[in-house]
Amino acid sequence: MADFNEKLIQGKERLAKTGRSGVPAATGKDRLPPGQHEVKNWPVLDLGIQPDIPREQWSLTIDGLVGNPRSFTWNDFMALPQAELVRDFHCVTTWSRYDNHWVGVEFKTICDIVKPAPDATHIVCASADGYTTNLPLAVALDDLLLVHSWEGQPLTREHGGPVRGVVSKIYAWKGAKWINAITFLPVDQPGFWEVCGYSNTADPWKEERYS
Ligand SMILES: Nc1nc2c(c(=O)[nH]1)N[C@H]1C(S)=C(S)[C@@H](COP(=O)(O)O)O[C@H]1N2
Ligand SMILES: [Mo]
């Protein structure tokens with residue numbers, strides 16, 4: 001029994017040190033981008049509208065420069081391969097929230113299905129509240145996850161449920177809440193905040209807050 005407990009503790013310590021990925025989590029200042037502070041809660045930011053979208057009415061339309069344009073219903077979306085990822089979240093208003101447990105579909109999974117045309121270089125994500133945000137295709141392939149669950153619970157309406165985008169390597173405004181469309185483009189087309197003076201590239205490690 002003592003031996004068993006010892007093994008359990010060792011396992012837990014290993015997990016605490018490495019996280020799920022097996023890669024040691026950065027700690028302290030290495031983990032916190034400049035000018036940010038850590039929060040334990042999860043603040044809500046929006047444009048004053050929180051669309052109420054029942055799952056059975058939600059859909060995600062993929063259009064623009066793709067070989068196989070598609071619209072996914074909730075059931076279609078849930079039938080796709082699901083990823084469970086633990087990621088930090090950095091808001092440009094200076095708060096960061098560590099170790100968010102997301103469940104959803106990786107953008108690259110969507111790409112495999114819709115088959116981007118060779119001249120597609122950027123995407124624009126659009127939302128039910130009229131919000132848009134743009135990303136280079138390469139960044140989206142690396143970092144964009146379309147999530148429906150947070151900390152083991154369905155994503156709430158205030159946080160963009162039923163499905164939203166999340167990114168972890170760039171500021172969180174690049175993750176569209178209440179996402180309903182992704183358009184593939186041959187050019188970069190700045191979104192809502194990018195037009196309103198936020199940085200186009202949004203790298204928190206370089207403090208790319210404003211343009
Ligand atoms: N549709 C939509 N998505 C959005 C926004 C928004 O106003 N509308 N705000 C963005 C900003 S500025 C941030 S910081 C995050 C906030 O997500 P949260 O409210 O879940 O913390 O969502 C981003 N995605
Ligand atoms: Mo934000």
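In each ligand, atom 1 is the first atom listed, and ligand 1 is the first ligand listed. Keep in mind that the numbers below use all heavy atoms, side chains included, and drop hydrogens, waters and symmetry copies. What you are looking at is a predicted structure, and each value in this text was computed from that prediction instead of being measured.
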Within-cut-off N or O pair, Glu158 and ligand 1, under 3.5 Å: no
Atoms of ligand 1 close to Gly175 [distance to a heavy atom under 4.0 angstrom, numbered from 1]: 4 (C), 22 (O), 23 (C), 24 (N)
At under 4.0 Å between heavy atoms, what of Ala128 touches ligand 1? The answer is neither
Between atom CD1 of Ile123 and atom CD of Gln189, what is the distance when rounded to the nearest 0.5 Å? 12.0 Å
Would you say Ser199's side chain and Thr201's backbone share a donor-acceptor pair under 3.5 angstrom? yes
Got a donor-acceptor contact below 3.5 angstrom from the Thr132 side chain to the Phe192 backbone? yes
Contact check, side chains of Val86 and Trp102, non-hydrogen atoms, under 4.5 Å: no
Heavy-atom distances under 4.0 Å decide this one: backbone, side chain, both or neither, for Phe192 against ligand 1? neither
Closer than 4.0 angstrom: is that true for some heavy atom of Trp150 and an atom of ligand 1? no
List ligand 1 atoms under 4.0 Å from Pro43, heavy atoms only on the residue side. 18 (P), 19 (O), 21 (O)
Any heavy-atom pair between the side chains of His122 and Pro186 that's under 4.5 Å? no
Has the side chain of Thr73 got a donor or acceptor atom that lies under 3.5 Å from a matching backbone atom of Asp76? yes
Region of Tyr131 that comes within reach of ligand 1 [heavy atoms, distance under 4.0 Å]: side chain
Give a yes/no on ligand 1: does Lys174 have at least one heavy atom closer than 4.0 angstrom to it? no
Without swapping roles, check the side chain of Glu151 against the backbone of His101 for a donor-acceptor pair under 3.5 Å. yes
Aromatic ring centroids of Phe89 and Trp95 under 6.0 Å? yes
For Lys169, run the salt bridge (charged side-chain N to carboxylate O under 4.0 Å, His left out) check against Asp142, Asp143, Asp88 and tell me which one passes. Asp142
Side chain Gln82, main chain Leu80, donor-acceptor under 3.5 Å: yes
Subset of ligand 1 atoms that lie under 4.0 Å from at least one heavy atom of Leu47: 7 (O)
What protein heavy atom lies closest to atom 12 (S) of ligand 1? Include the residue and the distance to one decimal. Trp173 CB, 3.5 Å
Among all the protein's non-hydrogen atoms, which is closest to atom 8 (N) of ligand 1, and how far away is it? Asp129 OD2, 2.8 Å
Which atoms from ligand 1 have a heavy atom of Val44 less than 4.0 Å away? 19 (O)
Top protein contact for atom 9 (N) of ligand 1, by heavy-atom distance: Leu45 O, 3.8 Å
With heavy atoms only and a cut-off of under 4.0 Å, state how Trp42 meets ligand 1: side chain, backbone, both or neither. side chain
Trp58 (side chain) donor-acceptor with Ile179 (main chain) under 3.5 angstrom: yes
Look at atom 15 (C) of ligand 1 and say which protein heavy atom is nearest, naming residue and atom and giving the distance to 0.1 Å. Arg164 NH2, 3.7 Å
Out of Gly161, Ala126, Cys91, Ala176, the nearest non-hydrogen contact to atom 14 (S) of ligand 1 is supplied by Cys91
What protein heavy atom is closest to atom 19 (O) of ligand 1, reported as residue, atom name and distance in Å? Lys177 NZ, 2.5 Å
Per-atom contacts, ligand 1 versus Ser127 - under 4.0 Å to a heavy atom: 1 (N)
Please check whether His159 reaches ligand 1 - meaning an N/O of the residue sits under 3.5 Å from an N/O of the ligand, judged on distance alone. yes
Report, in ascending order of atom number, the atoms of ligand 1 lying under 4.0 Å from any heavy atom of Trp95. 21 (O)
Any side-chain to backbone donor/acceptor pair from Arg209 onto Val92? Under 3.5 Å, distance only. yes
